[in-house]
Amino acid sequence: MDKDGSFVIMDYKQLVADALAPTMADTLSADDIYKKIERPKDSSMGDYAFPTFTLAKTFRKAPQQIATDLVEQLDQSKFEKVQVAGPYINFFLDKAAFSADILAQVSAQGADFGQNENGKGGNVPIDMSSPNIAKPISMGHLRSTVIGNSIAEILKKNGYNPIKDNHLGDWGTQFGKLIVAYLKWGNEDDVKKDPITNLVKYYVKFHQEDKEHPELDDEAREWFKKLEDGDAEAHRLWSWFRDESLKAFNQIYDKLGVTFDTYNGEAFYNDKMQAVIDELKEKGLLKESQGAQVVDLSKYDLNPALILKSDGASLYITRDIATAVYRDKTYHPAMNLYVVGSEQMYYFQQLKAVLTEMGLASAKDLHHIPFGLITVDGKKLSTRSGRIILLDEVLDDSIAMAKKQIAEKNPDLPNKDEVAKQVGVGAIIFGDLKNERMNSIDFNLADQLKFEGETGPYVQYARARAESILRKAADVTPAGENATINDPEAWETVKTLADFPAIVEEALADFEPSDIAKYSIRLAKAFNKYYAHSKILADDAEKPARLALVKSVSTILKESLRLLGVQAPDEM
RNA sequence: GUCGCAAUAGCUCAGCUGGAUAGAGCAACGGUCUUCUAAACCGUAGGUCGAGGGUCCGAAUCCCUCUUGCGACACCA
């Protein structure tokens, strides 16, 4: 936050553009120059670079020559040095001034560093997680949950107000089957003891039995009809299954450290669908086709959206339209986000098109945030086929692995269990978020349980070591305003710290938590390298400045992890 | 069949709005703990960026065609 405007990051790229502008006032505008400035991949080529290829035609000279000429003309006083490297002009920043500036900002702002108000407090409902009642939470749900949760944190960091909505699958014909199965083969105590396992057992048994006893399907249909008509017994059972399932889900959410603002599942919208259908009719959007009611979307180059089945029953999209209308009225959203698998991309195009046709205000800012499929041996997960990976088991395996690591590496650690949980769960969340959303993942437990290299624990470990140094240096106060570091080993770390605010904006623009995860690895790596090559606690004049750097790194690593929904233990 | 997503080192992936010799991590091999936690650091080896065209001073990146894999294509969600 720019508390009083004095902490606005100095734009060092602008500094470069300003230096170049007078040398070619007739050829390129300051703005064009700014856009052409790049960041070299390697520090040996400077901190910023200006390529001269494009000027070759206008100047009718070789790019190398242009670079040489320009450097002779420009004011180098604000830089450590300016060098010609072939067709490039490389700018080296004044390290002392730059690091003092950055460290002062991070020290003053702490975890608020990188906070912006771009969102102006706008509401952003996020449709996420969405498990089905009476079914287990699998690795498939992990993605929606963890991506949605991270995007919510990133939204806040950009000044929006996210509303995390767990759109539970709590309605549908399967509840008729479940009620029948429960009444025939179930019992109360088992459901209370382990709701998901037992409810799934009943459901599976129903499907086995109905092959030989097709009359079971009629019973199930009857019970679902009763449920829809508000029958007391049907409703009591449905509501109980829902509560018990939710209790079980919440244990997993607790473990993940994810909370929700609302749990408006499908059932919540039951009484809101008729109004939607009426509105569609009023606006003349509904057309009959093969006995069903559809909205024609040919002008969007999409297939028609089927709103009502030929028997008059509603469909998933009917409910989703009602949901969008409800969110529009309730929240006046700045954006409307759906964190749902990529297999539904086409569907969300249709949904958005229908809402646009209806003239819904928030339709244009509806964003489907798709993610790649999790498979096992290259095949899709499915509860029915038994090809399922239970999220809870994976989390427990990972926590157990973390415990083992602690026993080997740091047996005297206090709070072992808590740290093992933070590290184990962190590894799973980070592992999911570090790659681009759209990549599909073929599940492999061994890959998930890696704690070395570019992983969550790697980032956590880097921060734990930073904290350890700060504990040992308790007698020295880190420098605030005047933290000048001349140590060249520290330079990469300082520069990486300065990148954080831009990464926060980029991650939101792309809806990519992986931008944050990759950044955190980059910062941890830079710090680890610094740590390995410098004696931070050496007693000399720069010690307070080095500690300011360590403190800043710790702050930003923790903040990056927080944006991902990963915890950061002080010791591990 | 139509549309969408993908293809980069043995494996898993980065490569920003096209730019300087294509980078990491695992795995392999070799170093570094009497000094701030070795879950770390340093080094060696490993690639016709799926194939072929095109645009450009310059293409892993943009355009076209093809191949392969995955997914979606109205009465499931």
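- Between A/H167 and A/Y269, the ring-plane angle classifies as tilted under the 30° and 60° cut-offs.
- Among the atoms of the strands shown, none is found under 4.0 Å from any heavy atom of A/K35.
- Nucleotide B/U12 holds its P atom 10 Å from the CG atom of A/N444, rounded to whole Å.
- As rounded to the nearest Å, B/G25 and B/G18 have P atoms that lie 28 Å from one another.
- Across the protein-nucleic acid pair, A/F224 atom CZ and B/C76 atom C1' stand 13 Å apart, rounded to whole Å.
- For the P atoms, the distance linking B/U21 with B/A60 amounts to 11 Å, nearest Å.
- Because its NZ or CZ atom is not both nearer than 6.0 Å to the ring centre of A/Y48 and within 45° of the ring axis, A/K13 does not count as a cation-pi partner of that residue.
- Side-chain N/O atoms of A/S440 and base N/O atoms of B/A6 include no donor-acceptor pair closer than 3.5 Å.
- With sequence neighbours left out, the ring pair (Phe, Tyr, Trp, His ring centres under 6.0 Å) criterion links A/F50 to no other residue.
- With rounding to whole Å, A/K434 atom NZ is found 9 Å from B/A14 atom P.
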Every protein N/O lying under 3.5 Å from an N/O of nucleotides 57-61 of chain B:
from  : atom 1 : to    : atom 2 : distance (Å)
B/C57 : OP1    : A/K57 : NZ     : 2.8

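- Distance check on atom P: B/A45 versus B/A24 gives 12 Å, rounded to whole Å.
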### Query
When you look at A/Y347 and A/D320, which way does the side-chain hydrogen bond (donor to acceptor under 3.5 Å, both in side chains) test go after all the steps?
CA-CA 11 Å; A/Y347 168 79; A/D320 257 354; 2.8 Å; yes
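- Comment: A/D515 does not engage A/K434 in a salt bridge, judged by the lack of any side-chain N to carboxylate O separation of less than 4.0 angstrom.
- Relative to the ring axis of A/Y531, A/R465 places its NZ or CZ within 45° and under 6.0 Å from the centre.
- The CG-P distance, from A/L351 to B/A74, rounds to 17 Å in whole Å.
- Distance check on atom C1': B/C64 versus B/U55 gives 11 Å, rounded to whole Å.
- For A/D570 against A/R471, the heavy-atom pair with the smallest separation is O-NH1, 3.5 Å.
- Both A/K518 and A/M438 sit near RNA chain B, but only A/M438 has its closest nucleotide nearer the 5' end.
- The minimum heavy-atom distance linking A/A322 with A/M273 is given by the pair CB-CG, 4.1 Å.
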### Message
Using a 4.0 Å heavy-atom cut-off to protein, can you give one letter per nucleotide of nucleotides 34-47 of chain B, 5' to 3': B if the base is in contact, S if only the sugar-phosphate is, - if neither?
### Response
-BBBSBSSS-----
### Task
Could you walk me through whether A/K421 and A/D417 pass salt bridge (charged side-chain N to carboxylate O under 4.0 Å, His left out), step by step?
CA-CA 6 Å; A/K421 194 180 139 192; A/D417 288 351; over 6 Å; no
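- At the heavy-atom level, A/A49 lies under 4.0 Å from base atoms of the strands shown.
- Rounded to the nearest Å, the gap between the P atom of B/A6 and that of B/U17 is 13 Å.
- Residue A/L523 contributes atom CG, which lies 18 Å from atom P of B/A24 at whole-angstrom precision.
- Look at the P atom in both B/G58 and B/A20: the space between them is 15 Å, to the nearest Å.
- Remark: the backbone N or O of A/V550 is not paired with any side-chain donor or acceptor of A/S554 at under 3.5 angstrom.
- Looking at heavy-atom distances under 4.0 Å, A/Q290 makes contact with a base.
- Not counting sequence neighbours, A/Y461 has no partner by the ring pair (Phe, Tyr, Trp, His ring centres under 6.0 Å) test.
- Here A/A292 lies in heavy-atom contact (under 4.0 Å) with a base.
- Contact annotation for A/N435: backbone-only contact, meaning every heavy-atom pair under 4.0 Å involves sugar-phosphate atoms and none involves a base.
- If you take CG of A/D447 and P of B/C13, they are 9 Å apart, rounded to a whole angstrom.
- At the heavy-atom level, A/N90 lies under 4.0 Å from base atoms of the strands shown.
- Here A/Y338 and A/F348 bring their ring centres to under 6.0 angstrom of each other.
- Straight-line distance between the C1' atoms of B/C29 and B/U34: roughly 29 Å, to the nearest whole Å.
- B/G23 atom P lies 9 Å from atom CE of A/M45, rounded to whole Å.
- For A/F241 and A/F175, the ring centers sit 6.0 Å or farther from each other.
- Following rounding to the nearest Å, A/N439 (CG) and B/A7 (P) show an atom-to-atom distance of 7 Å.
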Check nucleotides 71-73 of chain B for protein N or O atoms closer than 3.5 Å to its own N or O atoms and list the pairs.
from  : atom 1 : to     : atom 2 : distance (Å)
B/C73 : O2'    : A/N303 : ND2    : 2.6

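- Aromatic ring centres of A/F91 and A/Y12 lie farther apart than the 6.0 Å criterion allows.
- Judged by the 6.0 Å distance and 45° axis criteria, A/K525 is not positioned over the aromatic ring of A/F527.
- Glycosidic conformation, B/C49: anti, with the torsion outside 90° of 0.
- Taking atom P on both B/A38 and B/C42, the two are 14 Å apart, rounded to the nearest angstrom.
- Contacts of A/P40 with the nucleic acid, taken as non-hydrogen atoms under 4.0 Å apart, include base atoms.
- If you check every strand for non-hydrogen atoms under 4.0 Å, A/E38 touches a base.
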#### Entry: Secondary structure string for RNA chain B (Watson-Crick or G-U under 3.5 angstrom, | for other-strand pairs)
(((((((..((((.....[...)))).(((((.......))))).....(((((..]....))))))))))))....
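- Taking the ring axis of A/F92 as reference, the NZ or CZ atom of A/K81 stays within 45° of it and closer than 6.0 Å to the ring centre.
- The residue among A/L315 and A/A85 whose nearest nucleotide of RNA chain B is located toward the 5' end is A/A85.
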